[in-house]
Amino acid sequence: MTEEERREIIHNVEEAKRKIAAAAIAAGHRPEDITLVAATKMNGAERVRAAVEAGVDVCGENRVQELLEKYEQHAYDGKPLHFIGTLQSNKVKYLMGKVSLIESVSSIKLARVIDKEAAKAGICQDILLEVNIGREESKLGIDPDELFSAAEEIAKLEHVHVRGLMAIPPKTQLNEEKTLYFDRMSQLFIDISAKKYDNIAMDYLSMGMSADYCEAISCGATIVRLGTAIFGARQY
């Protein structure tokens with residue numbers, strides 16, 4: 001990584017934090033209540049460390065193998081680490097003790113696997129329930145109509161603790177459509193909070209990425225996951 005690239009990452013983080021603060025204040029929230037997750041997929045350890053030094057709140061990784069490699073390289077040192085991508089059951093064990101939050105728990109079945117592996121590790125794993133808010137066949141996630149029953153079932157598990165909800169709404173260029181999905185998520189978040197389930201704390205609403213994080217904050221997001229806005233366009 002060149003010095004110019006490092007400076008660009010620092011500038012991008014500062015700009016993102018400025019926009020987050022403005023969006024939070026406009027929505028009547030405190031900027032410090034919004035968590036900035038750097039989505040570090042396909043960025044090497046050196047670039048991740050630059051984002052950490054620039055002041056992101058959390059690092060978020062999408063792929064288990066990539067997480068393990070960068071974890072060994074101390075890329076995330078000094079910041080909490082979230083898992084934010086599709087999680088296969090056979091990879092769960094590798095996350096135990098490394099991530100403070102698994103944001104992408106897309107089914108009861110996956111929650112049970114996490115519970116089993118957390119029990120083996122002697123920990124209680126914090127998780128978010130991923131909601132397929134657009135009911136897209138191509139995406140994983142709990143159907144909104146099944147969220148309450150799924151939450152009740154997952155709440156019975158002893159070694160996971162539900163801390164909130166996460167969603168990746170359908171891609172759209174229309175702000176009205178984006179806001180519609182974000183508002184639906186916010187309402188689900190409020191409705192589950194009102195139920196006061198045991199072992200469920202609606203502390204975090206994770207939604208909004210590089211293209212729409214300000215809109216997400218205006219609708220109640222408390223976690224935003226930014227990749228391109230911090231690291232630039234990914235080189236596939």
Side-chain angles (χ1 to χ4, degrees), residues 16-17 20-21 23-25 27-39 55-61 76 79-85 87 92 95-108 110-112 114-115 118 121 123-133 141-142 144 146-169 181-209 212-226:
K17 292 177 82 170
I20 287 169
I25 291 169
H29 305 305
R30 300 188 307 169
E32 57 266 32
D33 292 337
I34 311 298
T35 299
L36 169 56
V37 175
V56 298
D57 299 312
V58 172
C59 293
E61 200 62 73
Y76 315 112
K79 296 295 178 181
L81 177 59
H82 292 185
F83 189 79
I84 60 176
L87 180 57
V92 168
L95 300 182
M96 297 299 99
K98 294 182 175 66
V99 299
S100 60
L101 185 66
I102 299 175
E103 295 197 19
S104 47
V105 179
S106 56
S107 67
I108 297 172
L110 179 57
R112 286 175 176 153
I114 295 170
D115 179 68
I123 63 174
C124 184
Q125 179 65 58
D126 285 348
I127 65 172
L128 303 184
L129 304 183
E130 181 175 358
V131 182
N132 187 349
I133 194 63
I142 301 167
E146 299 172 3
L147 181 59
F148 290 87
S149 58
E152 287 182 13
E153 196 66 27
I154 293 169
K156 298 174 185 176
L157 302 174
E158 295 183 6
H159 294 276
V160 298
H161 181 32
V162 178
R163 299 291 303 277
L165 305 178
M166 180 267 231
I168 305 172
Y181 291 118
F182 291 146
D183 280 340
R184 287 178 183 169
M185 280 301 302
S186 185
Q187 191 58 54
L188 287 171
F189 184 82
I190 291 167
D191 290 345
I192 291 184
S193 297
K195 292 284 186 181
K196 301 190 184 304
Y197 293 119
D198 289 340
N199 197 30
I200 293 181
M202 287 290 108
D203 297 321
Y204 303 117
L205 178 55
S206 179
M207 58 184 191
M209 297 188 288
D212 53 22
Y213 64 98
C214 290
E215 291 93 333
I217 291 169
S218 72
C219 296
T222 63
I223 295 177
V224 293
R225 311 178 304 273
L226 308 187

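Below, all heavy atoms of this structure are taken into account, side chains as well, without hydrogens, waters or symmetry copies.
- Atom CD of E158 has 12 or fewer neighbouring heavy atoms from other residues, nucleotides or ligands inside a 6.0 Å radius.
- A distance of 10.0 Å separates CG of L81 from NZ of K98, quoted to the nearest 0.5 Å.
- When only modelled atom types and interatomic distance are considered, Y76 and E61 share a side-chain donor-acceptor pair under 3.5 Å.
- Contact annotation: the side chain of L147 approaches that of V131 to within less than 4.5 Å [non-hydrogen atoms, C-beta and beyond].
- You'll find the side chain of V58 stays beyond 4.5 Å of the side chain of K79, heavy atoms only.
- Note that OG1 of T222 is 12.5 Å distant from CZ of R30, once rounded to the nearest 0.5 Å.
- Side chains of E130 and S104: a donor-acceptor N/O pair is absent below 3.5 angstrom, by distance only.
- Side-chain atoms of I168 and M209, non-hydrogen and from C-beta on, do get closer than 4.5 Å to each other.
- Contact of the V99 side chain with the H82 side chain is not registered, since no non-hydrogen atoms from C-beta on lie closer than 4.5 Å.
- Minimum interatomic distance between M202 and S193 (heavy atoms only, all atoms of both residues): CB-OG, 2.9 Å.
- Inter-residue side-chain proximity for I223 and L205 is flagged as unmet; no heavy-atom pair is nearer than 4.5 Å.
- Within the 4.5 Å cutoff, side-chain heavy atoms of I102 are placed close to those of I114.
- The shortest heavy-atom contact between M166 and E103 is CB-O, 3.3 Å.
- When all heavy atoms are compared, the tightest approach of A167 to R225 is O-NH2, 3.2 Å.
- Side chains of H161 and I127 form no contact here, defined as non-hydrogen atoms less than 4.5 Å apart.
- In this structure, CG on L101 lies 7.5 Å from OH on Y204, to the nearest 0.5 angstrom.
- Within a 6.0 Å sphere centred on CG of D198, other residues, nucleotides and ligands contribute 12 heavy atoms or fewer.
- No side-chain N or O of D183 forms a donor-acceptor pair with one of Q187 less than 3.5 Å apart.
- For K195, the NZ atom sits in a loose shell: 12 or fewer heavy atoms of surrounding residues, nucleotides or ligands are nearer than 6.0 Å.
- Between I34 and A221 the shortest heavy-atom distance is CD1-O, 3.3 Å.
- Salt bridge absent: R112 and D115 never bring a charged side-chain N and a carboxylate O closer than 4.0 Å.
- Counting heavy atoms from C-beta on, the side chains of F148 and L188 come closer than 4.5 Å.
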